[in-house]
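Notes to accompany the following structure.
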Amino acid sequence: MLCCLPIGATPRTRNHNLLFTSLKSKSKKKHPERTGVLVEGSGIGEIKNHFTLHIQPLYRQRRNMSFCVIPLLLCLSVAVTESAIGVNWGTVSFHRLKPSTVVDLLKDNKIRKVKLFDADPDALTALMGSGIEVMVGIPNEMLSPLSSSTAASDLWVRQNVSTYFLKPGADIRYIAVGNEPFLTSYSGQFQSYVVPALQNLQQSLAKSNLAGYVKLVVPCNADAYESSLPSQGAFRPELTQIMTQLVEFLNSNGSPFVVNIYPFLSLYGSSDFPQDYAFFEGTSHSVTDGTNVYNNAFDGNFDTLVAALNKIGYGQMPIVIGEVGWPTDGAISANLNAARTFNQGLINHVLSNKGTPLRPGAPPLDIYLFSLLDEGAKSVLPGNFERHWGIFSFDGQAKYPLNLGLGNRLLKNAKNVEYLPSRWCVANPSRDLSDVANHMKVACGVADCTTLNYGGSCNGIGVKGNISYAFNSYYQVQMQKEKSCDFDGLGMVTFLDPSVGECRFLVGVTSSSCLGSYKKWLIIGQLILWFFIM
């Protein structure tokens, strides 16, 4: 048992007195706006004892992370366990690998935990017999019918959980009920449904004799809690009651608290944010608060949540990081080197079992990296980087060297990927391209052109290069259909790879089955029907 004795000192400052927000939402939903507020001193070492934290969500699936620094007065008794590294497997892509290929990729890299954002039948079928522990997700839009009808929750559990327990089954350990349902941008839209949905689903799991094995969790954005100092971390006033109910439910059923933390978004949201503080390599902007010193944004955010949980009487609640990561493209600070540095630093930090100032020797229970693969069809409302979070590219090829601490020193690429033929669509050099704007707009409205924008890896390839990139992106999304490279005669097919430096002109992969999406929407339709019937 570790006891943190009361510290009555006033907060000493640091070089930058700063509380930040970082957000990232993985739930394919509307996207909150994010802002980050920085309060900084006029010089190095200036002491301030006032911190300002303003949290306004960025988006969906991207999360908001609010970080604070704190002098802490907490007594915790937290079991010391070894953290496990998992990944988020998102499927919002124009070029989806076959689920069986993705599962083989997970197994080859000895990744034993995976988090899904729905209960995709194709993914779950592929995971059967793999031995990989799975967290399935329930979209926010389904919380209302699930909260109002046990028939709906029974149906959902039967079709999305029980079905996959047939031997050799999928090892479903968690059900994520909603995805960041308490985001401020939702204005309470889903708030009242969360606990009733949990209660109904728990009953449904019990009926299926799965309640002792499958745990219900609610992934939260860090904007659910706030503070002017980390030791004063607290859930937002309007959430205090429901968060208390939620945590009581989690505690009584042996479930952890799941939170998404994104230091990248703090850096992205403020040019004044100390860059080295977002990483784990050491910083000249350490945050000193009483006897606690914070050397990275991740620990500060984590401990703010610990303080918030302590305030409602659950300071020992196990915590799982549902999403954390760094994008490789689409913004100035999003690149291969930064992503490798952050993710490797995070993994080393967590697996060292060092813990945080408020939970020494007790790191998060599990960490799910965001993300396994790039998702080129995601919304870019949060930023162009939103499509580039993968540690692997869309086709399962490792982007950079990374040791997950799971037995392999480096990532292993996906095998037996079925690509389309090696051909590309580029601008026809013999044609006048002065009227290409509308074609570019159409191409980039359908395909992913985010790497062409400021800060992207293809930003410097010139006008003709930009046109060719847009044409090819569209051509590959259209599965290389002959007419999709026409553009009124401005495009032409080439068999010479037009990639330049780090700017990769992709070749698509053969499409995976659309059956999973059909089944998923069929299930959603059935739930909505139950909702209206009941």
Run the numbers on Phe273 and Tyr268 for side-chain contact (heavy atoms from CB on, under 4.5 Å), then give the verdict. CA-CA 8 Å; Phe273 187 88; Tyr268 175 76; over 6 Å; no
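- Asn301 contributes no side-chain N or O that, together with a main-chain N or O of Ala297, makes up a donor-acceptor pair within less than 3.5 Å.
- Between the Ser149 side chain and the Pro145 main chain, no donor and acceptor come within less than 3.5 Å of each other.
- Residue Glu248 places its CD atom among more than 12 non-hydrogen atoms of other residues, nucleotides or ligands, all under 6.0 Å distant.
- When all heavy atoms of Ala334 and Phe385 are compared, the pair lying nearest together is CB-CB, 4.4 Å.
- For the atom pair CG of Asn343 and CD1 of Ile367, the computed distance is 10.5 Å after rounding to the nearest 0.5 Å.
- In this structure, Phe264 has its ring center at least 6.0 angstrom away from the ring center of Phe342.
- Asn403 contributes a side-chain N or O that, together with a main-chain N or O of Gly405, makes up a donor-acceptor pair within less than 3.5 Å.
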Tyr213 and Asp171: CA distance, side-chain angles, deciding distance, side-chain hydrogen bond (donor to acceptor under 3.5 Å, both in side chains) verdict: CA-CA 10 Å; Tyr213 190 79; Asp171 190 7; 2.5 Å; yes
Output, in order, the C-alpha distance, side-chain angles, deciding distance and verdict of side-chain contact (heavy atoms from CB on, under 4.5 Å) for Gln159 and Leu155. CA-CA 6 Å; Gln159 293 189 328; Leu155 175 64; 3.5 Å; yes
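- Counting only N and O atoms by type, the side chains of Asn253 and Ser255 include no donor and acceptor under 3.5 Å apart.
- Ring orientation note: the planes of Phe302 and Phe298 are close to parallel, at an angle under 30° on the 30°/60° scale.
- Nearest heavy-atom pair, Leu411 versus Ala398, reported as atom, atom and distance to 0.1 Å: CB-CB, 3.8 Å.
- Two residues are said to be in side-chain contact when any heavy atoms from C-beta on lie closer than 4.5 Å; Val259 and Tyr225 meet this criterion.
- Between Glu133 and Lys113 there is a salt bridge, with a side-chain nitrogen of the basic residue lying less than 4.0 Å from a carboxylate oxygen of the acidic one.
- Thr451 and Asp329 form no side-chain donor-acceptor contact under 3.5 Å, judged by distance and modelled atom types alone.
- Distance check, rounded to the nearest 0.5 Å: OG of Ser393 to CG of Asn413 gives 8.0 Å.
- Side chain of Glu141 to main chain of Pro139: no donor-acceptor pair is present (N/O by atom type, distance under 3.5 Å, no hydrogens or angles).
- For the pair Phe249 and Val194, the minimum side-chain heavy-atom distance is 4.5 Å or more.
- Residues satisfying the salt bridge (charged side-chain N to carboxylate O under 4.0 Å, His left out) test with Lys167, not counting sequence neighbours, are none.
- For the atom pair Ser153 OG and Leu205 CG, the distance stands at 8.5 Å (nearest 0.5 Å).
- With hydrogens and angles ignored, the 3.5 Å screen pairs no side-chain donor or acceptor of Asn296 with any backbone N or O of Phe279.
- Shown here for Leu166 and Thr163, the closest heavy-atom pair between the two residues is CG-O, 3.5 Å.
- Asn109 and Lys412 form no side-chain donor-acceptor contact under 3.5 Å, judged by distance and modelled atom types alone.
- Contact record, Phe235 with Ala308: CE1-O, 3.7 Å, taken as the closest heavy-atom pair.
- Considering only heavy atoms from C-beta on, Asp122 stays 4.5 Å or farther from Thr125 through its side chain.
- If you run side-chain contact (heavy atoms from CB on, under 4.5 Å) between Leu402 and each of Leu410, Ile347, Asn408, only Ile347 comes through.
- Here the CG atom belonging to Leu506 is positioned 4.5 Å from the CZ atom belonging to Phe394, to the nearest 0.5 angstrom.
- Using modelled atom types, one finds no donor on one side chain facing an acceptor on the other under 3.5 Å when comparing Asp299 with Thr356.
- The shortest distance between side-chain heavy atoms of Val258 and Tyr368 does not fall below 4.5 Å.
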Under the side-chain contact (heavy atoms from CB on, under 4.5 Å) criterion, do Trp89 and Val103 qualify, and how do the steps go? CA-CA 10 Å; Trp89 175 7; Val103 172; 4.2 Å; yes
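- There is no side-chain donor-acceptor pair under 3.5 Å between Asn221 and Tyr262.
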For the pair Ile242 and Leu239, evaluate side-chain contact (heavy atoms from CB on, under 4.5 Å) and give the outcome as yes or no after the intermediate values. CA-CA 5 Å; Ile242 191 171; Leu239 292 181; 3.9 Å; yes
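- Trp326 places no side-chain N or O within donor-acceptor distance of the main-chain N or O of Pro263, the cut-off being under 3.5 Å.
- Separation of atoms CG (Leu216) and CD1 (Ile138) is listed at 7.5 Å; rounding is to 0.5 Å.
- Between the side chains of Tyr400 and Asn335, no donor N or O sits under 3.5 Å from an acceptor N or O.
- Side-chain contact between Thr101 and Asn416 is absent, with no heavy-atom pair separated by less than 4.5 Å.
- Within the 4.5 Å cutoff, no side-chain heavy atoms of Ser457 are placed close to those of His388.
- Pairing each heavy atom of Lys107 with each of Ser130, the nearest pair is CD-CB, 4.3 Å.
- With contacts defined as side-chain heavy-atom distances shorter than 4.5 Å, the pair Phe280/Asn348 does not qualify.
- If you check the side chains of Thr150 and Asn200, you find no donor sitting under 3.5 Å from an acceptor.
- Counting heavy atoms from C-beta on, the side chains of Phe182 and Val218 come closer than 4.5 Å.
- Within 6.0 Å of the CZ atom in Phe94, the count of heavy atoms belonging to other residues, nucleotides or ligands exceeds 12.
- Using a 4.0 Å cut-off between a side-chain N of Lys or Arg and a carboxylate O of Asp or Glu, Arg236 and Asp223 qualify as a salt bridge.
- With hydrogens and angles disregarded, a donor-acceptor distance shorter than 3.5 Å links the side chain of Ser371 to the backbone of Asn88.
- Nearest heavy atom pair, residue Leu116 against residue Ala123, reads CD1-CB, 4.3 Å.
- No side-chain donor-acceptor contact under 3.5 Å links Ser147 to the backbone of Ala197.
- Asp374 pairs in a salt bridge (charged side-chain N to carboxylate O under 4.0 Å, His left out) with only one of the listed residues (Arg387, Arg504, Lys399), which is Lys399.
- Note that CG of Leu250 and CE of Met317 are 5.0 Å apart. Values are rounded to the nearest 0.5 Å.
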